Amino acid sequence: MAFLEVDNITKRFGGLVALNAIGFSVTQGEIVGIIGPNGAGKTTLFGVISGFIPPSQGDVRYDGASIVGVSPDRLVRRGLMRSFQIVQSFADMTALDVVTTAALTRRPMREAVDFAAHALVRVGLDGKELKTPLTLSLQDKKLLELAKCIATEPRCILLDEVMAGLTMAETAAPIAIIQELNKQGVTVVMVEHVMPVIMRLATRMVVINFGEKIAEAAPEQILRDQRVIDAYFGDHLDA
């Protein structure tokens, strides 16, 4: 049985069809990558799965039950957590406070603070607990997003371009964190434009273009799919 199943999801914004009958499933413990050109509908899809955007049609099932209409905070308590393409943090709070807020979804205050501190250590932000998000580098802001995910003790995480803006050297730390989480049984679905990263992490990839799924296969097969080459890679495939 699929752990996460997206079934015929369509989302309309007035006359604009942002998602058109999207469907795929994810097994527990898998890492699935979602790719596509800018504006393809990837972030909208994450919004639907995570409860921020209601679908116009279709269903999303998580751990055997429909989650359409379930609020994001309730989904987090059930183990489904997402990050955001644009880093979302409370600007006037410390890194420890930000991650503690995430940990409070599952733990009382005293335990939440301790668990948040542990999460910051896991992502390499120990020593920066009292810094505010605005004073952190882009790499550290991305690591803070991962720490927030860890603090909710997720069973499944949706990562929206967590590598965006990082150099290849800077992606090493997030890659290692994601791999470690996956080894511990966390299912990962990630939207990513950095192809070397997604090729390294994902066992399967779903390709979306103009709100429609155009391909789903192992990474090496995706690279040979002419529809994907035309829609996404174009002349940049060799690079």
Side-chain angles (χ1 to χ4, degrees), residues 31 33-34 42-43 46-47 49-52 71-194 196-198 200-201:
I31 300 180
I34 300 178
K42 305 181 298 296
T43 295
F46 266 19
I49 296 172
S50 58
F52 285 88
S71 63
D73 59 306
R74 288 174 59 197
L75 289 178
V76 170
R77 286 192 288 272
R78 288 168 63 173
L80 179 62
M81 176 65 175
R82 72 164 292 185
S83 71
F84 289 84
Q85 183 178 355
I86 300 173
V87 176
Q88 307 283 317
S89 285
F90 301 102
D92 57 348
M93 293 171 63
T94 67
L96 180 60
D97 289 339
V98 168
V99 182
T100 298
T101 301
L104 283 169
T105 58
R106 286 184 176 271
R107 294 170 177 261
M109 177 59 77
R110 185 182 294 270
E111 291 183 15
V113 173
D114 290 341
F115 197 75
H118 173 67
L120 287 168
V121 171
R122 286 185 64 181
V123 303
L125 289 180
D126 43 314
K128 300 180 181 180
E129 298 91 341
L130 300 183
K131 289 184 174 291
T132 62
L134 289 177
T135 65
L136 295 175
S137 67
L138 177 60
Q139 181 187 28
D140 285 347
K141 288 177 181 177
K142 299 285 188 174
L143 294 174
L144 184 62
E145 282 289 289
L146 288 173
K148 286 160 57 180
C149 288
I150 291 170
T152 66
E153 301 172 72
R155 300 175 65 201
C156 179
I157 53 175
L158 310 175
L159 300 177
D160 194 352
E161 295 195 42
V162 73
M163 312 289 176
L166 302 183
T167 67
M168 286 309 300
E170 289 172 335
T171 65
I175 287 172
I177 293 164
I178 293 166
Q179 288 174 326
E180 183 61 29
L181 285 170
N182 186 243
K183 287 179 182 177
Q184 295 171 355
V186 177
T187 304
V188 180
V189 183
M190 57 189 305
V191 167
E192 191 54 66
H193 278 298
V194 184
V197 169
I198 201 74
R200 179 175 174 181
L201 287 171

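Just so we're clear, the structure is a prediction, and the values are computed from it rather than from any experiment.
- Within the 4.5 Å cutoff, the side chain of I175 has heavy atoms near those of the M163 side chain.
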Original post:
Yes or no on side-chain contact (heavy atoms from CB on, under 4.5 Å) for V99 and L144, after CA distance, side-chain angles and deciding distance?
Top reply: CA-CA 8 Å; V99 182; L144 184 62; 3.5 Å; yes
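- Atom-to-atom distance recorded for D73:CG and T105:OG1 is 9.5 Å, nearest 0.5 angstrom.
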ask   = Can you list the steps and then say if T187 with R155 is a side-chain contact (heavy atoms from CB on, under 4.5 Å)?
value = CA-CA 6 Å; T187 304; R155 300 175 65 201; over 6 Å; no
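- In this structure, T132 contributes its side chain and D92 its backbone to no donor-acceptor pair below 3.5 Å.
- The backbone N or O of R77 lies less than 3.5 Å from a partner atom in the side chain of R106, making a donor-acceptor pair.
- Of all the heavy atoms in A151 and A102, the pair that sits closest is CB-CB, 4.0 Å.
- Across every non-hydrogen atom of G165 and L138, the tightest pair is O-CD2, 3.6 Å.
- The heavy-atom pair separating D160 from S83 by the smallest distance is N-OG, 3.0 Å.
- Heavy atoms only, all atoms of each residue included: K141 and P133 are closest at CE-O, 3.0 Å.
- Here the CG atom belonging to L158 is positioned 4.5 Å from the CZ atom belonging to F46, to the nearest 0.5 angstrom.
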Does the pair K142 and E145 meet the rule for a salt bridge (Lys or Arg N to Asp or Glu O under 4.0 Å), with working shown? CA-CA 5 Å; K142 299 285 188 174; E145 282 289 289; over 6 Å; no
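- The structure places OG1 of T100 at 12.5 Å from CD of E111, a figure rounded to the nearest 0.5 Å.
- With sequence neighbours excluded, the residues that form a side chain to side chain contact (heavy atoms under 4.5 Å, CB included) with L181 are R122, I150, I157, I177, Q184, V186.
- Taking CD1 of I34 as the reference point, atom CE of M190 lies at 10.5 Å (rounded to 0.5 Å).
- Closest approach of K148 to V98, counting heavy atoms only: CD-CG1, 3.6 Å.
- For the atom pair OG1 (T135) and CG (L130), the distance works out to 10.0 Å, reported to the nearest 0.5 Å.
- Figure legend: R107 and F115 shown as a cation-pi pair, the cationic atom lying under 6.0 angstrom from the six-membered ring centre and within 45 degrees of its axis.
- The salt bridge (charged side-chain N to carboxylate O under 4.0 Å, His left out) pairs that include a residue from residues 168-183 number zero, where partners must be two or more places apart or lie in different chains.
- Between the side chain of K128 and the backbone N or O of L120 there is no donor-acceptor pair closer than 3.5 Å.
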Next item on the list: Take T94 and E129 through the test side-chain contact (heavy atoms from CB on, under 4.5 Å) and record every step on the way to the result.
Entry: CA-CA 7 Å; T94 67; E129 298 91 341; over 6 Å; no
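- Across all their heavy atoms, A119 and A147 have their closest contact at CB-O, 3.8 Å.
- Annotation: M109, atom CE; neighbour count of heavy atoms from other residues, nucleotides and ligands within 6.0 Å does not exceed 12.
- Residues M168 and V194 have side chains in contact (heavy-atom distance under 4.5 Å, counting atoms from C-beta outward).
- Atoms CG and OG1, on L75 and T152 in that order, are 11.5 Å from each other to the nearest 0.5 Å.
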